[in-house]
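Remember, it's 1-based here, ligands and their atoms both numbered in the order they're listed.
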Amino acid sequence: MTSSIPQALQAVRQRLTLAEQEAGRPAGSVTLLAVSKTFPAAAIREAYADGQRAFGENYVQELESKAQELADLAIEWHFIGPLQSNKTRPVAQTAHWVHSVERLKIAERLSAQRPPELALLNVCVQVNVSGEASKSGCAPAEARALAQAVAALPHLRLRGLMCIPEPTEDASRLAAQFALLRTIFQQLQADGPALDTLSMGMSADMALAVHEGATLVRVGSAIFGARNYH
Ligand SMILES: *Cc1c(COP(=O)(O)O)cnc(C)c1O
């Protein structure tokens, strides 16, 4: 089954609207991030021409080369992949958002390397909600202290939290992991800083994530098709 990018985007937007309705959430309250990793700049152009503005990349080099190639478009770039401390500079110079802050050292480098003439870099703290040892993200018990330290950095703007749940089709396990992130988020909101972003949900589980309170879903294959890893 292949469908064009505009057709696929339309189908994803419809799923999102339906999920908002079913969850009793206002229409348009969930942002769609199009995850374009491994897909060429031409695919991004096609989605952009169809009105999509926010794109997510996982690999620093891909972010850099696509941002250069697409510099004529008003794209909002989101970096969502694992970030090593020796690769923070190009991300700080190129991205509008980073969803994958899991350690203070990474946040400090992003803040120090953010060009002061650019807007503050929006960031989310990534939390390991599944407890899998292999997973990125800080431990749930560390999220609050990390968020407070990140919020104090001068060139970053803490927007919220992000998670990648365990790869399972068990909806109740997924729902529990999304709900854990939402609970931590609500605790942080009570602390004061104006957090507005709960980044959770992908192609397979976006409706469930919206039901559990996602404000941004990261959708790749449902828009661009299956990925061939390089
Ligand atoms: C690849 C990726 C996605 C998109 O996954 P799909 O299943 O293709 O929608 C979302 N978030 C992160 C962090 C990813 O790496």
Side-chain angles (χ1 to χ4, degrees), residues 1-5 7-16 18-19 30-40 43-44 46-47 52-63 66 75-84 87-88 91 95-103 106 110 122-130 132 134-138 143 159-171 173-174 177-178 180-182 185 197-230:
M1 244 184 27
T2 54
S3 61
S4 70
I5 288 173
Q7 280 172 340
L9 257 178
Q10 195 189 358
V12 167
R13 287 176 184 138
Q14 281 170 356
R15 278 170 65 192
L16 198 51
L18 188 64
V30 181
T31 299
L32 175 60
L33 177 66
V35 176
S36 42
K37 66 183 179 204
T38 79
F39 290 97
I44 296 177
E46 225 184 304
Q52 180 64 30
R53 289 294 175 270
F55 291 88
E57 290 289 338
N58 281 59
Y59 307 103
V60 176
Q61 271 204 311
E62 260 192 87
L63 171 69
K66 289 178 192 173
I75 288 177
E76 184 179 88
W77 291 107
H78 293 238
F79 188 79
I80 62 174
L83 189 49
Q84 290 161 359
K87 299 261 184 71
T88 50
V91 174
H96 302 88
W97 284 72
V98 176
H99 292 229
S100 44
V101 170
E102 58 170 355
R103 298 186 277 138
I106 298 288
L110 288 170
N122 298 291
V123 299
C124 292
V125 164
Q126 183 175 354
V127 183
N128 180 353
V129 290
S130 69
E132 295 164 282
S134 61
K135 263 293 161 54
S136 301
C138 72
R159 298 295 293 268
L161 302 177
M162 179 272 229
C163 76
I164 305 173
E166 84 186 281
T168 172
E169 284 169 17
D170 182 338
R173 289 183 71 92
L174 287 171
Q177 292 172 25
F178 289 144
L180 172 59
L181 195 72
R182 186 191 61 225
F185 182 66
T197 302
L198 202 44
S199 167
M200 57 188 197
M202 311 195 276
S203 293
D205 55 17
M206 53 186 274
L208 185 58
V210 168
H211 190 259
E212 295 298 334
T215 68
L216 179 151
V217 290
R218 310 178 307 266
V219 179
S221 48
I223 297 172
F224 295 107
R227 283 181 293 274
N228 292 308
Y229 279 93
H230 23 226

>> Minimum heavy-atom separation for A34 and Q52, please, with both atom names.
In response: N-NE2, 3.6 Å
> Taking all atoms of both residues into account, what is the closest heavy-atom pair of E132 and P167, and its distance?
Replying inline: OE2-CD, 3.6 Å
>> Between I80 and W97, is there a side-chain heavy-atom distance shorter than 4.5 Å?
In response: no
Should you measure from each heavy atom of [X], which atoms of ligand 1 turn up under 4.0 Å away?
{"X": "I80", "answer": "11 (N), 12 (C), 13 (C), 14 (C)"}
{"X": "V219", "answer": "9 (O)"}
{"X": "I164", "answer": "13 (C)"}
{"X": "R218", "answer": "4 (C), 9 (O), 10 (C), 11 (N), 12 (C), 13 (C)"}

>> Heavy-atom pairs closer than 4.0 Å: do any link ligand 1 to the side chain of K37, the backbone, both, or neither?
In response: side chain
> Is it the side chain, the backbone, both or neither of N58 that has a heavy atom closer than 4.0 Å to ligand 1?
Replying inline: side chain
> Among M202, M162, R227, which one has a heavy atom closest to atom 8 (O) of ligand 1?
Replying inline: R227
> What residue pairs, at least two apart or across chains, pass side chain to side chain donor-acceptor pair (under 3.5 Å) with a residue in residues 206-216?
Replying inline: R182-E212
>> Using a plain distance cutoff, I'd like to know if G220 has any nitrogen or oxygen under 3.5 Å from a nitrogen or oxygen of ligand 1.
In response: yes
> Could you state the interatomic distance from CD (E62) to NZ (K37), rounded to the nearest 0.5 Å?
Replying inline: 9.5 Å
>> Please check if the number of heavy atoms outside R173 that lie under 6.0 Å from its CZ is greater than 12.
In response: no
